[in-house]
Amino acid sequence: MTTADDRPTAARPNADNLRDAADRLHDAERTRILIRQLSLQYPEMTIEDAYEVQRTLVDRKLAEGRRLIGRKIGLTSRAMQQAVSITEPDYGALFDDMLFEDGSDVPVDRFIRPRVEVELAFVLGESLRGPGCTLFDVLRATEFVTPALEILDARVQMSDPDTGHLRTIVDTIADNAADAGLVLGGRAVRPLDVDLRWASALLYRNGSIEESGVAAAVLNNPANGVAWLANKLAPHGVELEAGQIILAGSFTRPVHAHDGDTFQADYGPLGTITCRFLGEKGKGSTEIGESHAGT
C-alpha cells in the first residue's frame, strides 16, 4: 500500500519541498506505508538535496528524544556503486532505538521489508574530523572493531507500480540510507591486532548459508570507509565522536528477513552474531535456536 502525490511537482525541490519529503519519510517509518519515489516527484533532485532531507529527518528524530549513537556507510562495493550510477558511498544516521542485542528477537512488525547485511563496526575511542582524515587516523582513533549485522528497510517504493521506475540514489540517501537497525556481537578486537581486510563471514538464514564475503570488498579496507565519512561530514562541521559506532559497509549482498527467520553470521575467529525476526503471530516459541522456514 502506498500514499503520495502521483504528479511531479517540480523538476528540482525547493526548501519547503525538502522539509515535506522529510515529513513524509518520517510518517512512512511510523505507519509502515511506503511513499512514492522522490526521484519521480522531483526528476532533477540532487544528492545534496537528498542529504538535506536526511539531515532534516535526523533533526526531527533528535527533537523527539532519540539519541544519535553513530553512523552507517553504504554502497561501498564497486558493483553496487555502478548499479546506482555513483562513484562514492553514501551514509546515514544510527539511533539508540535501532540497536539490538546479540541473540535477541527483533520485532519484524517494526519494519516494512527488512533485509540483513554483514559488516564490521568501528567503535571510536577518540573523535575523528576531516578534511584529511586517513586510514591510519581511523586505526589510531578506534578503540575496537566488532562484527555487526545491519538491518535495512526502505520507506520509499523500490519500484514504481505505474512506470516500473526503480528507486535511485537520491531516494536511498533521503531515506537515511535505508538504515533501520543493527546487531553487534562476536569478539571485539583492537584494529591493529588483526588484518581487517581478511575478516570474513558466512551468513546463515535458518541454518542455510545465504551469503559469504571478505571485508576487503569494502574499499580495500573497511577503515577507508570510516576515513571517507569523516572527510565527507567535515564541510558540514560534523565530526565522528568518541564512543560512536560506525558501520563501515557491507561485504555481502542484503538478504531478506521474514517472520520467524533466524540469522547467524559466523566470523570465524571473530565469533558469531545471532538474531531472530519475530512478529506477533510467531511469539509462541522463544527458543532462538529453533528453525523457522522463510517465506
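None of these values were measured; they are calculated from a predicted model. Note: hydrogens, waters and symmetry copies are ignored here, and every other heavy atom, side chains too, is used.
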Legend entry - Stepwise salt bridge (Lys or Arg N to Asp or Glu O under 4.0 Å) test for Glu239 and Arg129: CA-CA 5 Å; Glu239 66 179 23; Arg129 189 181 185 95; 3.6 Å; yes
Show me the donor-acceptor pairs, under 3.5 Å and distance only, between side chains in residues 169-179 and residues at least two apart or in other chains.
from	atom 1	to	atom 2	distance (Å)
Asp171	OD1	Leu38	N	2.7
Asp171	OD1	Ser39	N	3.0
Asp171	OD2	Ser39	OG	2.6
Asp171	OD2	Thr168	N	2.9
Asp171	OD2	Thr168	OG1	3.3
Thr172	OG1	Arg167	NE	3.4
Thr172	OG1	Thr168	O	3.4
Asp175	OD1	Arg155	NE	2.7
Asp175	OD1	Arg155	NH2	3.2
Asp175	OD2	Arg155	N	2.8
Asn176	OD1	Ala93	N	2.7
Asn176	ND2	Ala93	O	3.1

Roughly how far apart are [X] [atom1] and [Y] [atom2], rounded to 0.5 Å?
X: Leu240; Y: Cys133; atom1: CG; atom2: SG; value: 7.5 Å
X: Leu149; Y: Leu203; atom1: CG; atom2: CG; value: 6.5 Å
X: Leu196; Y: Asn221; atom1: CG; atom2: CG; value: 5.5 Å
X: Leu233; Y: Asn231; atom1: CG; atom2: CG; value: 9.0 Å
X: His26; Y: Arg60; atom1: NE2; atom2: CZ; value: 4.5 Å
X: Arg190; Y: Glu143; atom1: CZ; atom2: CD; value: 6.5 Å

Do you know which two heavy atoms are closest between [X] and [Y], and how far apart they sit?
X: Asp261; Y: His256; result: OD2-O, 4.0 Å
X: Val108; Y: Pro114; result: CG2-CG, 4.1 Å
X: Arg197; Y: Val214; result: O-CG1, 3.1 Å
X: Phe100; Y: Pro107; result: CE2-CD, 3.7 Å
X: Ala217; Y: Phe251; result: CB-CB, 4.1 Å
X: Ala199; Y: Leu120; result: CB-CD1, 4.0 Å

Do [X] and [Y] make a side-chain contact, defined as non-hydrogen atoms from C-beta onward lying under 4.5 Å apart?
X: Thr272; Y: Tyr267; answer: no
X: Leu18; Y: Thr56; answer: no
X: Phe144; Y: Val189; answer: no
X: Arg36; Y: Asp160; answer: yes
X: Met98; Y: Glu150; answer: no
X: Val226; Y: Arg71; answer: no
X: Thr274; Y: Thr262; answer: yes
X: Val58; Y: Leu62; answer: yes

Inset, instruction - Quick one: do Leu229 and Lys72 satisfy side-chain contact (heavy atoms from CB on, under 4.5 Å)? Show the steps, please. - result: CA-CA 9 Å; Leu229 179 58; Lys72 63 81 55 96; over 6 Å; no
Inset, instruction - With side-chain contact (heavy atoms from CB on, under 4.5 Å) as the test, would you mind laying out the steps for Leu166 and Met158 before giving the verdict? - result: CA-CA 6 Å; Leu166 297 178; Met158 301 286 284; over 6 Å; no
Going hydrophobic residue to hydrophobic residue with side-chain gaps under 4.5 angstrom, can you get from [X] over to [Y]?
X: Val218; Y: Val123; result: no
X: Ile69; Y: Leu57; result: no
X: Val116; Y: Val118; result: yes
X: Val145; Y: Leu182; result: no

Inset, instruction - Apply side-chain contact (heavy atoms from CB on, under 4.5 Å) to the pair Leu128 and Leu124, showing each step before the final yes or no. - result: CA-CA 8 Å; Leu128 283 169; Leu124 299 181; 3.9 Å; yes
Inset, instruction - Please identify each residue that fulfils side-chain contact (heavy atoms from CB on, under 4.5 Å) with Thr134, with sequence neighbours left out. - result: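 Testing Thr134 for side-chain contact (heavy atoms from CB on, under 4.5 Å), a comparison that skips the adjacent residues, returns Phe136, Asp137.
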Inset, instruction - Apply the salt bridge (charged side-chain N to carboxylate O under 4.0 Å, His left out) test between Arg276 and each candidate in Asp105, Asp259, Asp102; give the one that qualifies. - result: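 So, applying the salt bridge (charged side-chain N to carboxylate O under 4.0 Å, His left out) to Arg276 and each of Asp105, Asp259, Asp102, only Asp105 qualifies.
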Salt bridge flag under 4.0 Å for residues [X] and [Y]:
X: Arg30; Y: Asp27; value: yes
X: Asp49; Y: Arg12; value: yes
X: Glu52; Y: Arg55; value: yes

Legend entry - Stepwise side-chain contact (heavy atoms from CB on, under 4.5 Å) test for Val53 and Met45: CA-CA 11 Å; Val53 173; Met45 186 175 188; 3.9 Å; yes
Legend entry - Partners meeting ring pair (Phe, Tyr, Trp, His ring centres under 6.0 Å) with Tyr51 (sequence neighbours left out):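 Tyr51: ring pair (Phe, Tyr, Trp, His ring centres under 6.0 Å) contacts with Tyr91.
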Inset, instruction - Please confirm whether Phe277 and Phe263 have ring centers closer than 6.0 angstrom. - result: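 Yes, the ring of Phe277 comes within the 6.0 Å limit of the ring of Phe263, centre to centre.
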Legend entry - NZ or CZ of Arg66 within 45° of Phe95 ring axis and under 6.0 Å: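 The answer is yes; both the distance and angle limits are met.
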Inset, instruction - Could you give me the CA-CA distance, side-chain angles and deciding distance for Asp20 and Arg24, then say whether salt bridge (Lys or Arg N to Asp or Glu O under 4.0 Å) is met? - result: CA-CA 6 Å; Asp20 174 70; Arg24 289 189 286 120; 2.9 Å; yes
